Amino acid sequence: MEITESIISGLILLIIGGLGTACWTYRKQLYNWLRARKLQWFPANFNIALSIEFDEGLNSGSYFKQIKKNINQVLKEQDLDKYVVVQDFSDIKKFKNQEEAEKFRNKKDIDLIIWGDFTVDNLKKDGNNINKLNLSFTFGHPDDKEKRIGKMILADLRSRMARKNYWNIIEHNSFEDIQIVSNNIFDLSIYTIALSLKIYGKIGKSIALLERLYNSLAKRNDDLIQSTAIHLIDDYTILVVEFGLNKKDFNKGIEFCNKILKLDVNNHFALTNLATFLYKQGKIAEAQKVVTELQQKYPSSTLTIVDLAFFKILEKNYKSAFKCYEKLVSIPVERLGFNPLEVVEFLNNEYQKNKEPALLYGSGILSYYFGDKIIAKNDLKLFLRKVNENSYKKMYRKAKKLI
């Protein structure tokens, strides 16, 4: 799958901080790239290969046998056993380094290899026998020439492993320790595959894994839930764009906006798009309620202001709408945070439906400052022909001045 350098840059921003921190241009490129690909869903098999050195018949052998059993049990509990297959290569293949593991992974088309070893048996700490499990993760992912994406995923994974940071099995506490280690392996395995799938653009599969992982983490109150939520929000965001904005499937758009808000009640992206989708479905009162919430939480946001301007026009509060547009045109285009020409198109389409002249003023103003002045003047002239000065005083005077 070919990925351009500009898309790679956007994806790196996506990994680092989520779509909310990436600039509008990169988001747009990413959305267009994903739009050209079919979003894939279950069913599908994901292969996890284990290659762990241990001593058969000693503690490490018993521990490894129980760890495998526990991982498969968790997969079954999370309804993932139909999709994720764990294979043990420990007795036939060992890896000395990451390069060997990557070569084997590519040859066998394995999604994830977990490899490493136990410390030797009969080591003691404070008089107790102890084994430590040393692990490395090798996984598939797209990359650019500088290998930046692979490095970013690996850095993310290492950070999560550092937070887990418990891989010791002490003999007298082995039952509890094995359970912790098993959960850690399960969590990091599903997390890694889901993140890799996300970067491949297989968003449906990524979500299916992350949702199950999130539920499992929530039951155990595990800290990894925070990072899992961030990646889920990223995936839901992409689907809001894919379904709600691109395909105009507003039911789906609302569904994924609400999924985002369940994880992040103040999510600006979800709130702004939820207001739009509700309006498109004719749920005006519900949409206005969301815009009011936006105004309370993000009063200075350009997206809030542009939404507010539209609803003030619907309320025939032209004075307030005028103030909103005055704020917008004072902002440099690179700081708008939205595509003004898409808003112009939206306002013109809405004018065709309800013939509210103030919508022509909005489209004309945005076109004048951020688009084509000829088109802008045509909209403003039509606005002037449709209204009287008394009802639209400030808008009227501004339009006269601009043409």
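Everything quoted here is computed from the prediction, not taken from an experiment.
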Does [atom1] belonging to [X] count more than 12 external heavy atoms closer than 6.0 Å?
| X | atom1 | answer |
| --- | --- | --- |
| K252 | NZ | no |
| K96 | NZ | no |
| K355 | NZ | yes |
| K373 | NZ | yes |
| E99 | CD | no |
| I92 | CD1 | yes |

Hey, what do you get for [atom1] ([X]) to [atom2] ([Y]), rounding to the nearest 0.5 Å?
| X | Y | atom1 | atom2 | value |
| --- | --- | --- | --- | --- |
| L271 | D264 | CG | CG | 8.5 Å |
| N106 | I113 | CG | CD1 | 8.5 Å |
| E286 | I254 | CD | CD1 | 8.0 Å |
| L133 | I52 | CG | CD1 | 5.5 Å |
| L197 | H231 | CG | NE2 | 12.5 Å |
| L359 | L314 | CG | CG | 7.0 Å |

Can you confirm whether or not the ring centre of Y318 sits under 6.0 Å from the ring centre of Y361? no
How about Y279 and F310: are their ring centroids closer than 6.0 Å? yes
Would you please name every residue forming a salt bridge (Lys or Arg N to Asp or Glu O under 4.0 Å) with K316, sequence neighbours left out? E356
Passes salt bridge (Lys or Arg N to Asp or Glu O under 4.0 Å), D187 versus R220? Steps please. CA-CA 11 Å; D187 296 344; R220 291 181 272 121; 2.7 Å; yes
So do [Y] and [X] actually touch side chain to side chain, heavy atoms under 4.5 Å?
| X | Y | answer |
| --- | --- | --- |
| I114 | I185 | yes |
| N173 | N128 | no |
| F137 | S189 | yes |
| L75 | V86 | yes |
| F186 | S216 | yes |
| D111 | F139 | no |
| Y351 | K386 | yes |
| N273 | C257 | yes |

In sequence, state the C-alpha distance, the side-chain angles, and the governing distance for L80 and L213, and then conclude on side chain to side chain contact (heavy atoms under 4.5 Å, CB included). CA-CA 10 Å; L80 284 171; L213 176 58; over 6 Å; no
Side chains of S363 and D379: is there a donor and an acceptor less than 3.5 Å apart? yes
Classify the side-chain pair N134/D117 by whether it contains a donor and acceptor separated by less than 3.5 Å. yes
Between [X] and [Y], is there a donor-acceptor pair closer than 3.5 Å when you use the side chain of the first and the backbone of the second?
| X | Y | result |
| --- | --- | --- |
| S174 | E171 | yes |
| N215 | E211 | yes |
| S206 | A194 | yes |
| N378 | K381 | no |
| S51 | K93 | yes |
| Q73 | K69 | no |
| S391 | N388 | no |
| T272 | F269 | yes |
| K247 | G244 | no |
| T119 | K132 | yes |

If you compare all heavy atoms of [X] against all heavy atoms of [Y], which two are closest, and at what distance to 0.1 Å?
| X | Y | value |
| --- | --- | --- |
| L341 | G371 | CD2-CA, 3.9 Å |
| A101 | T138 | CB-OG1, 3.4 Å |
| V181 | N168 | CG2-O, 4.3 Å |
| K198 | I203 | O-CD1, 3.8 Å |
| D91 | D88 | OD1-O, 4.2 Å |
| V120 | N131 | O-ND2, 3.9 Å |

Does the pair F104 and F89 meet the rule for a ring pair (Phe, Tyr, Trp, His ring centres under 6.0 Å), with working shown? CA-CA 11 Å; F104 185 81; F89 286 75; 5.6 Å; yes
Please lay out, stage by stage, how V85 and I48 fare under the test side chain to side chain contact (heavy atoms under 4.5 Å, CB included). CA-CA 6 Å; V85 178; I48 299 176; over 6 Å; no
Sorted by chain and residue number, the side-chain contact (heavy atoms from CB on, under 4.5 Å) partners of A321 (sequence neighbours excluded) come out as K312, I313, M395
For Y166, the side chain to side chain donor-acceptor pair (under 3.5 Å) test, sequence neighbours excluded, returns D177
What residues, two or more places apart in sequence or in another chain, satisfy side chain to side chain donor-acceptor pair (under 3.5 Å) together with Q78? none
Salt bridge or not between E350 and K353? Use side-chain N to carboxylate O under 4.0 Å. yes
Pair E389 + R397: basic N to acidic O under 4.0 Å: yes
For residues 322-338, which side-chain N or O atoms pair as donor and acceptor with protein atoms under 3.5 Å away, sequence neighbours left out?
residue: E326; atom: OE2; partner: K398; partner atom: NZ; Å: 3.3
residue: S330; atom: OG; partner: K327; partner atom: O; Å: 2.6

Could you go through Q295 and D307, starting from their C-alpha distance and side-chain angles, then the distance that decides it, and tell me whether this counts as side chain to side chain donor-acceptor pair (under 3.5 Å)? CA-CA 9 Å; Q295 192 177 11; D307 280 353; over 6 Å; no
Begin with the C-alpha distance, continue with both residues' side-chain angles, and end with the deciding distance and a verdict on salt bridge (Lys or Arg N to Asp or Glu O under 4.0 Å) for E293 and K289. CA-CA 6 Å; E293 186 176 352; K289 184 178 179 180; over 6 Å; no
In chain order, what residues pass the ring-ring contact (aromatic ring centres under 6.0 Å, His included) check against F64, with sequence neighbours excluded? F54
Would you please classify the geometry between the Y63 ring and the F118 ring as parallel, tilted or perpendicular, with 30° and 60° separating the classes? tilted
